[in-house]
Amino acid sequence: MKIATWNVNSVRARLPVVLDWLDQAAPDVLLLQETKTVCAQFPTLPFAERGYQLATFGEPALNGVAIVAKHPIEDRRDGLPGDTEDREARYIEATVGDVRVASVYVPNGTTIGSDRFAYKLAFFDRLRDHAQDLLEQDATLVIGGDYNVAPTPEDVYDAAALEGTICYHPDERAKYRTLLNLGLYDGFRTTQPRTHAYSWWHYQGRSFELDHGMRIDHLLLSPYAVDRLDTCAIDDQVRAVKQPSDHVPVWCTLID
DNA sequence: ATGGTGGCTTAGCCA
């Protein structure tokens, strides 16, 4: 089973790029973030024409997550528990085949010390608590998404320069590590322990040409899932297409 | 360099 995650930065603006990649890569499951649309405006037809089913969770203009799958999407849940006031569409989870999958869009945090940064750290606590519940049910679990955290110095283009800045602040890295400490595995690091690779490059300047990127999109796997992990890779060539997302797909294959 | 780029929605926010 091939499972991918991709922050597309608007599914409507990115539709041709997403469909091209889908036709080439043919994943069984694609976990989308930043769809930036209400569900009624989600372009469902081109996915259906390709034999994919959809579960979408959106809001106007911002955020938005979705699960795209070749097989039936069952027992979905929209949103992360732990804060009834939180209306942002950042989490969707469902069962596809014998795997529980989730698409998560962790808040960016904007500025260190801001309200948005506090929301980001609190979101990580809620994600950790919920993942713990799923692990206690012995789920074969894959949580893919834009975590907006580069975990280690190997995951940023200039660790010294970026230390303490958004997406590479020690408080964020500590929150990300609490997920690993539950017993979740970073699929990319498990299969490629020392590869420097990025999943996001800023739109500004010549970030991609200079390879000034960060690895902030991750597939986290439960023990039963990582037992079946075969390959994990980042499709960085997708950043070079016309009108790209600032993120590229990250995918893994699980042995059936 | 308080800029730079992009999307949504329409000038300001969020990333």
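Reckoned from all heavy atoms, side chains included, excluding hydrogens, waters and symmetry mates. Below, chain A is the first sequence line, B the second, and so on; all start at residue 1.
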For Arg90(A) and Val104(A), indicate whether the former's side chain and the latter's backbone hold a donor-acceptor pair under 3.5 Å. no

Provide, to the nearest angstrom, the distance between the [atom1] atom belonging to [X] and the [atom2] atom belonging to [N].
X: Glu34(A); N: dG6(B); atom1: CD; atom2: C1'; result: 10 Å
X: Asn63(A); N: dC13(B); atom1: CG; atom2: C1'; result: 12 Å
X: His212(A); N: dG4(B); atom1: NE2; atom2: C1'; result: 15 Å
X: Leu62(A); N: dG6(B); atom1: CG; atom2: P; result: 19 Å
X: His202(A); N: dC14(B); atom1: NE2; atom2: P; result: 16 Å
X: Ile216(A); N: dA15(B); atom1: CD1; atom2: P; result: 12 Å
X: Arg14(A); N: dC8(B); atom1: CZ; atom2: C1'; result: 12 Å
X: Asn7(A); N: dC14(B); atom1: CG; atom2: C1'; result: 12 Å

Please report the C-alpha distance between Asn108(A) and Lys120(A) in whole Å, then the side-chain angles of each, then the deciding distance to 0.1 Å, and finally whether the side-chain hydrogen bond (donor to acceptor under 3.5 Å, both in side chains) criterion is met. CA-CA 7 Å; Asn108(A) 169 280; Lys120(A) 180 179 194 173; 5.8 Å; no

Can you work out whether Val11(A) or Glu88(A) has the more 5'-proximal nearest nucleotide on DNA chain B?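 Result of the comparison: Val11(A).
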
Closest-nucleotide ordering on DNA chain B, the 5'-leading residue of Asp146(A) and Arg12(A):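 Here Arg12(A) is the residue nearer the 5' end.
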
For the aromatic rings, using the six-membered ring if either is Trp, is the centroid distance between Trp6(A) and Trp251(A) under 6.0 Å? no

Applying the side-chain hydrogen bond (donor to acceptor under 3.5 Å, both in side chains) test to Glu93(A), which of Arg76(A), Arg77(A), His130(A) qualifies? His130(A)

Any side-chain donor near an acceptor of the partner, Gln33(A) and Asp146(A), under 3.5 Å: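 Per modelled atom types, Gln33(A) and Asp146(A) side chains form no pair under 3.5 Å.
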
Nucleic acid contacts of residues 103-115 of chain A, taken as heavy-atom distances under 4.0 Å to DNA chain B: Tyr105(A), Asn108(A), Thr110(A)

Ring-face cation of Arg173(A) near Tyr168(A) (centre distance under 6.0 Å, axis angle within 45°): yes

Any chance you could encode DNA chain B as dot-bracket? Rule is Watson-Crick or G-U wobble with both distances under 3.5 Å; [ ] for pairs crossing earlier ones, | for another strand. ....((((...))))

Check ring pair (Phe, Tyr, Trp, His ring centres under 6.0 Å) between Phe117(A) and all other residues, then give those that pass, not counting sequence neighbours.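 If we apply the ring pair (Phe, Tyr, Trp, His ring centres under 6.0 Å) test to Phe117(A), skipping adjacent residues, the hits are His169(A).
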
Picking from dT5(B), dG6(B), dA15(B), which would you name as closest to the side chain of Arg90(A)?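 My answer, after comparing the listed nucleotides, is dA15(B).
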
Any salt bridge between Arg189(A) and Asp155(A), counting N to O under 4.0 Å?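 The answer is yes: the pair qualifies as a salt bridge.
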
Salt bridge or not between Arg228(A) and Asp98(A)? Use side-chain N to carboxylate O under 4.0 Å. yes

Select base, sugar-phosphate, or nothing to describe what Gln243(A) touches, counting heavy atoms under 4.0 Å on all strands. nothing

For Arg206(A), which contact category applies under a 4.0 Å heavy-atom criterion: base, sugar-phosphate, or nothing?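 The answer is nothing, as Arg206(A) stays clear of every strand by at least 4.0 Å.
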
Using the C1' atom on both, measure dA15(B) against dG3(B) and round to a whole Å. 16 Å

Phosphate OP1/OP2 of dC8(B) contacted by Ser10(A) side-chain N/O (<4.0 Å): yes

